[in-house]
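These notes are about the structure you will find just below.
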2 protein chains.
Amino acid sequence: MKLNTKSRYAVMALADMSKFPINNPVSLRDISLRQSISLLYLEQIFLKLKKNEIVKSVRGSSGGYVLKRDPKNIKLSEIFQAVDQKVKTVGCKKDSKKGCNGKSVKCITHELWDELDIYINNFFENKNLSDLLMTKERKN
Amino acid sequence: MKLNTKSRYAVMALADMSKFPINNPVSLRDISLRQSISLLYLEQIFLKLKKNEIVKSVRGSSGGYVLKRDPKNIKLSEIFQAVDQKVKTVGCKKDSKKGCNGKSVKCITHELWDELDIYINNFFENKNLSDLLMTKERKN
DNA sequence: TAATACTTGACTATTTTAGTCGGGTATATA
DNA sequence: TATATACCCGACTAAAATAGTCAAGTATTA
Ligand code: FES
Ligand code: FES
């Protein structure tokens, strides 16, 4: 049960961005330097964030990325979804009738994992980007 | 963010066991058949459960494993710990002063992931084996 | 004395993760 | 208008983690 870097970096980078005035393009290079995340990896991540309407890009020199919405309206769940990192606790396909073992019945623990799935998603659903900034005034 | 089979199977197997009268040894072979989990893999898992005092073994023919405690007193968190599958949401070492990026300060998102860590562990802490059986009377 | 069932460490194929690489295109500003 | 900056995009890859398997046991009971 662990979080991957893609999700972690995505949130980290967006949190970094949201400290700057909105409409002020922030370059990936700067984020890369400030947060010590590989620039090339960031590019990959931001492409997805862009496709999912979380940021928009400003090309050319002195360009960068801009949050497409107010940090208050960007839920962590959206960010996760954007970088296609879903929570997966069940062993089976959720929608299918079949169980994780190939049987035609869901296994003994299915309900438990399903509950856990909902529980975790609930956390992401109830947090937005601006929540991150409020905790403390940090400068790193 | 996904759950691995080791944890899933551990809980599944223990849930299977706890449907039988306590002190009645359940063989891994039977669990393997009922739950469609590889016998050899189960052996590996149960070795850890045994070392962590969750089950005890009864050797010899008509032997098997027995829950060491009442299902009510076996928390999911213990099971996870036993198969050393910890929840890891932060990118850094929790106890260290250093951040996930090697810097000497924790990163902007550290508190968030720490909160998530606690949140998830809380789920496991508040569930025990007997909770699983109560949901429905299932027979698989 | 068979058969059953636990014991243990080492080994391995497969999958996932965490990136990198190369070769673009668009735009601002000097 | 040259040039540097910065986004764009698909393909590739090394390394780590996962999900097991294998071999060679030992203990107990019917
Ligand atoms: S987890 Fe869904 S059937 Fe087992
Ligand atoms: S997650 Fe702990 S410092 Fe970044």
Side-chain angles (χ1 to χ4, degrees), chain A residues 1-13 17 24-52 54-68 80 83-89 91 100-102, chain B residues 1-13 17 24-52 54-68 80 83-89 91 100-102:
Chain A
M1 189 96 268
K2 80 176 162 208
L3 196 62
N4 53 19
T5 55
K6 223 160 200 161
S7 323
R8 193 168 337 104
Y9 292 168
V11 175
M12 209 184 280
M17 280 181 64
N24 178 30
V26 180
S27 78
L28 293 188
R29 198 176 140 276
D30 287 353
I31 298 178
S32 164
L33 291 171
R34 274 195 297 266
Q35 306 298 333
S36 314
I37 302 171
S38 147
L39 174 60
L40 293 116
Y41 202 20
L42 273 179
E43 290 188 340
Q44 209 184 94
I45 291 168
F46 271 75
L47 230 45
K48 295 191 178 196
L49 293 176
K50 190 195 168 193
K51 274 185 190 138
N52 285 272
I54 290 170
V55 294
K56 61 187 175 206
S57 66
V58 180
R59 298 185 78 155
S61 98
S62 84
Y65 282 96
V66 171
L67 288 177
K68 209 163 176 185
F80 273 66
V83 293
D84 16 68
Q85 246 60 53
K86 357 187 183 304
V87 174
K88 180 168 166 55
T89 53
C100 53
N101 38 28
Chain B
M1 188 97 267
K2 79 177 162 209
L3 195 63
N4 55 18
T5 55
K6 224 159 200 161
S7 323
R8 194 167 337 106
Y9 291 169
V11 175
M12 210 185 278
M17 281 181 64
N24 178 31
V26 180
S27 77
L28 293 188
R29 199 176 140 275
D30 287 354
I31 298 178
S32 164
L33 290 171
R34 274 195 298 265
Q35 306 298 333
S36 314
I37 302 171
S38 146
L39 174 59
L40 293 115
Y41 202 20
L42 273 179
E43 291 186 339
Q44 209 183 94
I45 292 167
F46 270 75
L47 229 46
K48 296 192 176 194
L49 292 176
K50 189 196 169 190
K51 275 187 189 136
N52 285 272
I54 290 170
V55 295
K56 63 188 173 205
S57 66
V58 180
R59 297 184 77 156
S61 100
S62 83
Y65 283 95
V66 170
L67 288 176
K68 210 164 177 184
F80 272 66
V83 294
D84 18 69
Q85 246 60 55
K86 357 188 185 302
V87 173
K88 181 167 165 53
T89 54
C100 53
N101 38 28

Residues of residues 3-13 of chain B with a heavy atom under 4.0 Å from any atom of DNA chain C, listed by number, are none

Please name the pair of heavy atoms, one in A/L42 and one in A/A13, separated by the smallest distance, quoted to 0.1 Å.
CD2-CB, 4.0 Å

Taking protein heavy atoms under 4.0 Å as touching, what does nucleotides 24-30 of chain C look like 5' to 3' if B marks base contact, S marks sugar-phosphate-only contact and - marks none?
BBBBBS-

Using atom CD1 of B/I37 as one end and atom C1' of D/dT18 as the other, report the distance to the nearest whole Å.
16 Å

Using side chain to side chain contact (heavy atoms under 4.5 Å, CB included), reason through A/T89 and B/R8 one step at a time and then give a plain yes or no.
CA-CA 9 Å; A/T89 53; B/R8 194 167 337 106; over 6 Å; no

Using the test side chain to side chain contact (heavy atoms under 4.5 Å, CB included), find all partners of A/S62 that sit at least two apart in sequence or belong to another chain.
none

Parallel under 30°, tilted from 30 to 60°, perpendicular over 60°: which one fits the rings of B/Y41 and B/Y9?
perpendicular

For DNA chain D, the residues among residues 42-52 of chain A that have a non-hydrogen atom under 4.0 Å from it
A/E43, A/Q44, A/L47, A/K50

Is there a side-chain polar atom (N or O) of B/S38 under 4.0 Å from OP1 or OP2 of D/dA19?
no

Short side-chain to backbone donor-acceptor contact, A/S32 and A/S38, under 3.5 Å:
no

Given axes from five pairs at either end, by how many degrees does the helix from C/dT1-D/dA30 to C/dA30-D/dT1 bend, rounded to 10°?
10°

What are the two closest heavy atoms between B/N24 and B/V66, and how far apart are they?
C-CG2, 4.2 Å

Value in whole Å for how far the P atom of C/dG9 lies from OH of B/Y41:
17 Å

Starting from the C-alpha separation in whole Å, work towards a yes-or-no answer on side chain to side chain contact (heavy atoms under 4.5 Å, CB included) for A/N101 and B/M12.
CA-CA 11 Å; A/N101 38 28; B/M12 210 185 278; 5.5 Å; no

Might you work through the side chain to side chain contact (heavy atoms under 4.5 Å, CB included) test for B/M1 and A/L3, ending with a clear yes or no?
CA-CA 5 Å; B/M1 188 97 267; A/L3 196 62; 4.0 Å; yes

Length of the CE-P vector between A/M1 and D/dT18, whole Å:
12 Å

Between P of D/dT5 and CG of A/L33, the distance in whole Å
13 Å

So which atom in B/G91 and which in B/C100 form the shortest heavy-atom distance, rounded to 0.1 Å?
C-CB, 3.5 Å

Just how far, in rounded Å, is P of C/dT4 from OH of B/Y65?
18 Å

Check step by step if side chain to side chain contact (heavy atoms under 4.5 Å, CB included) holds for A/R29 and A/L33.
CA-CA 6 Å; A/R29 198 176 140 276; A/L33 291 171; 4.2 Å; yes

Minimal heavy-atom distance between A/F46 and A/M17, with the atoms involved, is CE2-SD, 3.6 Å

Residue set satisfying side chain to side chain donor-acceptor pair (under 3.5 Å) with A/S7, at least two apart, ordered chain then number -> A/N4

Atom NZ of B/K88: over 12 foreign heavy atoms under 6.0 Å:
yes

Distance, rounded to the nearest Å, where B/L40 contributes CG and C/dC11 contributes P:
17 Å

Between C/dT17 atom P and B/K88 atom NZ, what is the distance in whole Å?
15 Å

